[in-house]
Protein chains: 2
Amino acid sequence: MPQREPLSAERVVDAALAVADRDGIAGLSMRSVGRELGVEAMSLYHHVAGKDALVGAVVERVVGEIGRPALDVPWREAVARRCRDVRAVLRAHPWSLGLLESRRAPGPALLLHHEAMLECLRRGGFSVVDAAHAFSVLDAYVYGFALTEQHLPFEPGEGADAMVEEMALPRDAFPRLAEMVDELVAGRAYDYGDEFEWGLALVLDGLEARLAR
Amino acid sequence: MPQREPLSAERVVDAALAVADRDGIAGLSMRSVGRELGVEAMSLYHHVAGKDALVGAVVERVVGEIGRPALDVPWREAVARRCRDVRAVLRAHPWSLGLLESRRAPGPALLLHHEAMLECLRRGGFSVVDAAHAFSVLDAYVYGFALTEQHLPFEPGEGADAMVEEMALPRDAFPRLAEMVDELVAGRAYDYGDEFEWGLALVLDGLEARLAR
DNA sequence: ACCTGAACACCGTTCAAGT
DNA sequence: ACCTGAACACCGTTCAAGT
């Protein structure tokens with residue numbers, strides 16, 4: 001019977017990430033992470049300062065999954081890829097968005113992402129101030145989309161039918177919602193996820209226009 | 001000594017809102033709400049089904065603070081007002097954004113807001129499908145801005161100086177962030193909150209262009 | 001040096017008991 | 001009908017004790 005692998009900050013973060021991915025944010029506790037490692041919760045305190053620090057490290061790990069920037073393509077394409085990357089990461093770890101609020105200062109991984117985004121924009125010809133503006137809109141859009149996407153009353157593949165049932169709209173009180181649901185259901189194959197590209201293109205068009213003037 | 005006001009669902013929600021506004025989301029517990037009302041936590045269960053239901057009711061109350069739509073103005077102005085309204089409400093109750101994740105189906109107040117937004121857009125001439133697109137971008141942008149605004153490493157009025165200190169950027173590793181901070185500090189009076197209008201105008205311009213074509 | 005048992009001050013919730 | 005005390009199964013964290 002092999003000796004138990006010794007604990008380390010890295011293994012604790014690994015375990016916490018696994019627990020969060022499996023059981024969501026509500027299932028992440030010092031005790032559950034300990035259980036995951038076959039160890040008492042108190043042992044974790046020798047490797048992480050506390051739950052806040054652990055959560056911070058897990059968020060940092062997730063942010064680190066955002067791909068490295070492509071600098072050999074036009075700014076619009078480079079920026080679009082980063083945005084898709086961020087959305088993909090936030091979708092893979094839905095619980096991480098809610099965790100952002102417990103962090104105050106951004107960690108190095110998030111700063112690296114910000115830096116990469118600004119680099120793409122500056123190379124594209126944006127002034128420092130406009131790059132700051134552009135970063136702000138893009139960041140808000142991507143985070144916000146991930147947030148709304150997460151709280152949809154239906155599953156991505158499921159289409160809009162489920163939504164109609166789930167919320168049972170009184171048509172006369174909500175005519176605009178009703179016609180929208182009708183049309184989306186009638187048009188079949190509506191995937192809310194497609195909205196991401198529509199909005200992203202709109203924002204990028206807007207930035208292009210600002211750049212030209 | 002006056003008889004104690006009898007408990008009611010409404011009074012419980014009032015108290016929960018007061019606790020959340022004062023102590024944040026972490027301070028909101030059945031026991032703390034009970035304390036706020038001078039009552040044991042267990043008494044609350046006679047008026048709300050449980051914590052989830054209470055949280056739902058509190059969110060519903062907050063969403064209800066979003067103003068009624070102005071339908072006698074051009075769509076662009078009407079939509080802009082609603083967006084500013086939503087942002088203001090989310091800023092007044094910063095903890096509510098994090099609470100959205102615990103809700104599955106949107107309550108009537110949120111549906112009313114969605115309906116109002118769609119009404120503005122449809123009156124402006126957007127097709128059903130384009131109104132859905134437009135709603136999606138706007139919603140994502142506003143929520144996302146509120147989210148990023150909430151996690152700024154510095155206080156709104158404080159300017160960017162605090163940010164520089166707080167995160168102590170190694171300039172050579174983050175040249176783009178460094179130049180940005182420099183310029184914003186040099187330019188004085190940078191208020192991140194101003195970014196909201198810049199991005200909102202960009203999104204609305206984009207929608208206007210889509211409407212015209 | 002690393003791990004843990006017991007303890008403390010908290011959670012949400014149930015249920016039988018009080019008025 | 002409305003409120004509550006005691007209890008249960010959980011939290012994060014401290015600290016003295018074990019190896």
Side-chain angles (χ1 to χ4, degrees), chain A residues 1-61 95-96 98-104, chain B residues 1-61 95-96 98-104:
Chain A
M1 174 163 150
Q3 283 295 90
R4 201 164 54 184
E5 189 89 11
L7 241 45
S8 68
E10 208 198 344
R11 285 192 65 221
V12 172
V13 176
D14 287 344
L17 187 55
V19 170
D21 278 338
R22 177 172 11 94
D23 303 329
I25 193 57
L28 181 68
S29 71
M30 296 301 273
R31 282 165 160 98
S32 67
V33 173
R35 211 152 37 227
E36 181 82 9
L37 290 162
V39 120
E40 297 301 316
M42 306 77 200
S43 308
L44 306 179
Y45 286 84
H46 292 276
H47 303 96
V48 292
K51 194 185 183 185
D52 277 0
L54 177 55
V55 163
V58 173
V59 170
E60 197 64 7
R61 179 75 64 85
W95 45 267
S96 66
L99 244 49
L100 288 178
E101 60 183 323
S102 51
R103 305 265 304 147
R104 13 222 94 155
Chain B
M1 172 164 150
Q3 284 293 89
R4 200 162 56 185
E5 188 90 13
L7 242 44
S8 67
E10 209 199 343
R11 286 194 64 222
V12 173
V13 175
D14 286 344
L17 187 55
V19 170
D21 278 337
R22 176 172 12 93
D23 303 330
I25 193 57
L28 181 68
S29 70
M30 296 301 274
R31 282 165 161 97
S32 67
V33 173
R35 211 153 35 227
E36 181 82 9
L37 290 162
V39 120
E40 297 301 315
M42 306 77 200
S43 308
L44 306 178
Y45 286 84
H46 291 277
H47 302 97
V48 291
K51 194 184 183 184
D52 277 0
L54 176 55
V55 163
V58 173
V59 169
E60 198 65 6
R61 180 76 64 87
W95 45 267
S96 68
L99 243 49
L100 288 178
E101 59 184 324
S102 51
R103 306 265 303 147
R104 12 222 95 153

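Source: prediction; values computed, not measured. Below, chains carry the letters A, B, ... as their sequence lines are ordered, and counting in each starts from 1.
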**Asked** Tell me, for nucleotides 5-11 of chain D in 5' to 3' order, what letter each nucleotide earns: B for a base near a protein heavy atom under 4.0 Å, S for only sugar-phosphate near one, - for neither?
**Response** BBB---B
Are any protein N/O atoms closer than 3.5 Å to N/O atoms in nucleotides 17-19 of chain D? If there are, list each pair with its distance.
none

**Request:** Take Leu44(B) and Lys51(B), measure what side chain to side chain contact (heavy atoms under 4.5 Å, CB included) needs, and give me the verdict at the end.
**Result:** CA-CA 9 Å; Leu44(B) 306 178; Lys51(B) 194 184 183 184; over 6 Å; no
**Message:** I want to verify a distance call: between dT14(D), dG12(C), dT4(D), whose nearest atom is closest to the Tyr45(A) side chain?
**Reply:**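 Minimum distance to the Tyr45(A) side chain belongs to dT14(D).
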For [N], does OP1 or OP2 lie under 4.0 Å from any side-chain N or O of [X]?
X: His46(A); N: dT4(C); result: no
X: His47(A); N: dC3(C); result: yes
X: Ser43(A); N: dT4(C); result: yes

**Asked** Does His46(A) reach the side chain of Leu7(A), with side-chain heavy atoms less than 4.5 Å apart?
**Response**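 Not in contact.
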**Request:** Just jot down the side-chain hydrogen bond (donor to acceptor under 3.5 Å, both in side chains) partners of Asp23(A), sequence neighbours excluded, or say none.
**Result:**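 Asp23(A): no side-chain hydrogen bond (donor to acceptor under 3.5 Å, both in side chains) contacts found.
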**Asked** Which residues pass the side-chain hydrogen bond (donor to acceptor under 3.5 Å, both in side chains) test with Asp21(B), sequence neighbours left out?
**Response**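 Checked Asp21(B) against side-chain hydrogen bond (donor to acceptor under 3.5 Å, both in side chains); matches are His93(B), Trp95(B).
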**Length of the CG-C1' vector between Asp52(B) and dT13(C), whole Å** =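 My rounded result for the distance is 12 Å.
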**Asked** How many Å lie between CG on Leu37(A) and C1' on dC2(C), as a whole number?
**Response**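 Result: 14 Å.
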Name the atoms and distances for all side-chain donor-acceptor pairs under 3.5 Å in residues 26-36 of chain A, with sequence neighbours left out.
| from | atom 1 | to | atom 2 | distance (Å) |
| --- | --- | --- | --- | --- |
| Ser29(A) | OG | Arg31(A) | N | 3.4 |
| Ser29(A) | OG | Ser32(A) | N | 3.0 |
| Ser29(A) | OG | Ser32(A) | OG | 3.3 |
| Ser32(A) | OG | Gly27(A) | O | 2.8 |
| Ser32(A) | OG | Ser29(A) | N | 2.8 |
| Ser32(A) | OG | Ser29(A) | O | 2.9 |
| Glu36(A) | OE1 | Arg22(A) | NH2 | 2.4 |
| Glu36(A) | OE2 | Arg22(A) | NH2 | 3.1 |

**Spacing of OG belonging to Ser8(A) relative to CG belonging to Asp14(A), to within rounding of 0.5 Å** =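 Here the interatomic distance stands at 7.5 Å.
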**Non-neighbouring partners of Glu60(B) that pass salt bridge (Lys or Arg N to Asp or Glu O under 4.0 Å), sequence neighbours left out** =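 Residues passing salt bridge (Lys or Arg N to Asp or Glu O under 4.0 Å) with Glu60(B): Arg103(B).
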**Message:** Identify the stems formed by DNA chain C, where each pair is Watson-Crick or G-U wobble with both distances under 3.5 angstrom and a stem is at least 3 consecutive pairs.
**Reply:**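 C:4-8 with D:12-16, C:12-16 with D:4-8 - these are the stems of 3 or more pairs that involve DNA chain C.
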